[in-house]
Amino acid sequence: MANVAVIGSQWGDEGKGKIVDWLSSRADVVVRFQGGHNAGHTLVIDGVTYKLHLLPSGIVRKSKLSIIGNGVVVDPWALLEEIKAVQAQGVAVTPEKLIIAENAPLILPVHAALDRALEAARGKKAIGTTGRGIGPAYEDKIARRAIRICDLEHPDYLKEKLSGMMLHHNALLKGLGAEPIDENDIYRALMDVREDILQYTGVVWKILDEARRKGQKILFEGAQGMMLDVDHGTYPFVTSSNMAAAQAATGSGVGPDAINYVLGITKAYTTRVGEGPFPTEQNNEVGEFLGTKGHEFGTTTGRKRRCGWFDAVIVRQAVKICGIQGIALTKLDVLDGLEEIKICTGYELDGEKLDYLPASADKQARVTPVYETMEGWNTSTRGARSWKDLPAEAVKYVRHIEELIGAPVTLLSTSPERDDTILMHDPFMS
Ligand code: IMP
């Protein structure tokens, strides 16, 4: 039995929720390994919609172990709110079902304040962050200033650490013209939630080692998408963590050999929220069509997503960097009814052809897409459950995507419903 890592191969919002839910029903353990509550995963199970941000998708299923790994930045108040919300929907969340790595760093109110103040200071060059404090929290981790879950066990040490951190951050907030924050308020707020959070704490690397030795199936649940990766994405218009599949190992405390199959989740067209380069963006009626039909609004911030044609260049890049072995193609039905469909197969820059997205922000902003035009289809693909239910043009489109990105379609999702899925290969059986 294989362990599977699920990775977004574009700019996030590829429809990971449904696929992860489908896979989590077959896994024993579900692990989040990067990001924080900037993520938004929507699950629809038996007609009930669950909106998750920080909790792993396994939480909505009985008898699955859900783990928040050390690579995640945890806002304790947001986490407790989310636990409360799913509990109100009848989901049991207990220390037996949910474990948070003791070495995971915390997001504090000062991080969200800094996130907002820094965005305001960037003016026209703003990144368009979710405002959740993700970037500043990761900065503190790397700067060795972060408060980690395990520090909640030691109030005196916590107070001392917080003091050092706030000295640094209040100077910055003042410099940015924002209100300083009283460290005692944060300390008190942390002491209020301390017990509630500590009950879920565990030694995650050890628990995962035991799970592996018992032959349990582990699902590593990625958030966001490869083009938002802090190393490989459209820097600086990225989030502050790594989405690349190798992070599933570092962000949870397992060796790279624990990841046997990398599944890339890929939307049949492209979307992005926030600012930054987007070569195939369609600021026209095509973009409107995709956005309206695909309900392209952010789960976390409600922002309208930018929409465009499928960009095979960036997905091919994600396939190579992540070692994606197969993709789950989502939202094919959104393309139903289009007369023509374009696919970006390469870029042009300063008269030269490129088969990859260069790292420089200037070049990323200036590449122009080279398109191939394919025939669309008039019949509906929504709800199709086998290849023979699909119009020939749709099959051709999918096959061409496989060819261009260099990875097979393992799974095809044809509606938000769980059973509207065409499975070619079970990733857990790899
Ligand atoms: P941050 O993660 O809040 O710092 O935001 C940085 C960039 O990542 C912004 O462009 C956000 O819109 C984008 N982003 C963060 N999380 C998600 C997500 O879950 N889906 C899509 N975009 C995201």
Side-chain angles (χ1 to χ4, degrees), residues 6-20 32-43 51-57 71-75 78 82 105 107-108 110-122 124-142 221-244 247 251 264-267 269-278 281 291 294-308 314 318 330-331 361 364-365:
V6 165
I7 309 292
S9 70
Q10 293 152 314
W11 275 283
D13 309 314
E14 295 92 355
K16 287 187 284 295
K18 169 182 158 171
I19 310 293
V20 164
R32 275 281 308 268
F33 56 86
Q34 49 72 227
H37 65 313
N38 49 349
H41 291 171
T42 307
L43 311 182
K51 288 200 185 294
L52 303 180
H53 298 284
L54 201 45
L55 288 169
S57 298
V72 176
V73 278
V74 180
D75 178 323
E82 197 174 320
I107 301 186
L108 304 177
V110 67
H111 295 124
L114 280 169
D115 197 353
R116 287 191 297 268
L118 287 164
E119 277 288 84
R122 287 183 193 114
K124 281 203 177 107
K125 291 188 177 144
I127 294 164
T129 70
T130 58
R132 302 287 194 269
I134 305 292
Y138 275 117
E139 281 180 43
D140 273 356
K141 170 178 169 168
I142 302 304
E221 177 182 5
Q224 290 92 38
M226 267 308 286
M227 283 296 117
L228 290 170
D229 182 286
V230 69
D231 286 292
H232 299 287
T234 45
Y235 192 93
F237 299 97
V238 291
T239 188
S240 300
S241 63
N242 286 111
M243 273 105 258
Q247 173 65 18
I265 315 296
T266 306
K267 204 183 279 192
Y269 50 98
T270 315
T271 61
R272 133 161 246 183
V273 247
E275 302 307 315
F278 180 178
E281 182 169 18
H295 308 290
E296 297 294 355
F297 293 91
T299 320
T300 301
T301 58
R303 286 180 291 176
K304 198 171 170 181
R305 296 179 187 142
R306 299 154 67 191
C307 298
I314 60 158
T330 63
K331 296 185 115 172
Q364 289 184 350

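Counting starts at 1 for both ligands and their atoms, following the listed order.
- An N or O contact shorter than 3.5 Å links Gln224 to ligand 1 by distance.
- Residues that satisfy the ring-ring contact (aromatic ring centres under 6.0 Å, His included) test with Tyr138, not counting sequence neighbours, are absent from this structure.
- Polar contact check, Asp115 against ligand 1: no nitrogen or oxygen pair lies under 3.5 Å apart.
- Closest heavy-atom approach to atom 14 (N) of ligand 1 within the set Thr239, Leu228, Leu118, Thr271: this belongs to Leu228.
- Looking at Glu221 and Ser57, their side chains do bring a donor and an acceptor atom within 3.5 Å of each other.
- Shown in contact with Asp13 at under 4.0 Å from a heavy atom are these atoms of ligand 1, numbered in order with element: 20 (N), 21 (C).
- Between Thr130 and ligand 1, an N or O atom pair is found at a separation short of 3.5 Å.
- Checked against salt bridge (Lys or Arg N to Asp or Glu O under 4.0 Å), Asp140 has the following partners two or more places apart in sequence or in another chain: Arg145.
- When non-hydrogen atoms are compared, ligand 1 lies under 4.0 Å from the backbone of Val273 as well as from its side chain.
- Side-chain contact, Thr129 with Asp115: a donor N or O sits under 3.5 Å from an acceptor N or O.
- Residue Ile127 has at least one heavy-atom neighbour below 4.0 Å for each of these atoms of ligand 1: 10 (O).
- Between Arg303 and ligand 1, at least one pair of N/O atoms sits closer than 3.5 Å.
- Between Ser240 and ligand 1, not a single N/O pair is under 3.5 Å apart.
- One finds the CD atom of Glu296 at 10.5 Å from the OG1 atom of Thr270 (value rounded to the nearest 0.5 Å).
- For the pairing with Leu228, the side chain to side chain contact (heavy atoms under 4.5 Å, CB included) check across Val273, Asn242, Thr239 returns one residue only, Thr239.
- Residue Phe237 does not touch ligand 1, judged by heavy-atom distances below 4.0 Å.
- Residue Trp11 has at least one heavy-atom neighbour below 4.0 Å for each of these atoms of ligand 1: 21 (C), 22 (N).
- Nearest heavy-atom pair across Ser241 and Gln34 is OG-NE2, 3.1 Å.
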